[in-house]
Amino acid sequence: MSYGQEIAKRREKWSAETTDLSSRMGEHLEAEVDRSLKLGRSIARARTEAKLTQPELAARAGVQQADISRIERGLGNPTRETLIRLASSLGMELTLAPISGPAETVSR
């Protein structure tokens with residue numbers, strides 16, 4: 001039996017509540033991944049427009065090049081301080097902007 005078949009078999013036993021929770025969690029995770037990718041693409045675009053390599057930006061910002069790579073690929077979890085350093089090194093500032101679609105409540 002394949003992994004996918006095994007998962008489908010187990011999901012058939014889930015209650016409606018569990019199925020709904022799984023769906024909502026999947027949607028939340030997908031939205032988080034989308035935000036991380038969007039942030040990474042924005043930083044990469046700003047860096048290339050500034051004609052900087054990742055190592056050059058790393059030196060200016062005092063951030064490891066590997067961290068910049070992860071952030072640009074949407075895999076990093078940068079701190080506020082790291083984002084401020086990157087933005088400042090790119091001649092930008094960190095700002096908040098309205099999102100499209102309904103506002104999302106974030107709970108931790």
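Applying the under-4.5 Å side-chain rule to Ile, Leu, Val, Met, Phe, Trp and Tyr, the cluster around Met1 consists of that residue alone.
Shown here are the side-chain contact (heavy atoms from CB on, under 4.5 Å) partners of Glu17, two or more places apart in sequence or in another chain: Ser15. Residues forming a salt bridge (charged side-chain N to carboxylate O under 4.0 Å, His left out) with Glu81 (at least two apart in sequence, or on another chain): Arg85. Remark: Asp20 pairs with Arg24 by the salt bridge (charged side-chain N to carboxylate O under 4.0 Å, His left out) rule, at least two apart or across chains.
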Could you pull out all donor-acceptor pairs under 3.5 Å where a side-chain atom in residues 58-68 meets a protein atom, sequence neighbours excluded?
from	atom 1	to	atom 2	distance (Å)
Gln65	NE2	Gln54	OE1	2.5
Asp67	OD1	Arg70	NH2	2.4

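To the nearest 0.5 Å, the span separating OG on Ser42 from CG on Leu86 amounts to 12.0 Å. The CD1 atom of Ile43 sits 8.5 Å away from atom CG of Leu57, with the distance rounded to the nearest 0.5 Å. The structure places CG of Asp34 at 12.5 Å from CG of Leu39, a figure rounded to the nearest 0.5 Å.
With hydrophobic clusters built from ILVMFWY side chains whose heavy atoms lie under 4.5 angstrom apart, Leu29 does not share a cluster with Leu21.
Nearest approach of Ala87 to Leu94, heavy atoms of both residues: CB-N, 4.0 Å. The nearest pair of heavy atoms linking Leu83 to Pro78 is CD2-CG, 3.7 Å.
Side chain of Ser22 to main chain of Thr18: no donor-acceptor pair is present (N/O by atom type, distance under 3.5 Å, no hydrogens or angles). In this structure, Arg11 contributes its side chain and Ile7 its backbone to no donor-acceptor pair below 3.5 Å.
Among residues at least two apart or in separate chains, salt bridge (Lys or Arg N to Asp or Glu O under 4.0 Å) pairs with a member in residues 41-51 are Arg47-Glu72.
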Taking it one step at a time, do Lys38 and Arg35 satisfy side-chain contact (heavy atoms from CB on, under 4.5 Å)? CA-CA 5 Å; Lys38 183 178 177 182; Arg35 285 190 296 271; 5.6 Å; no

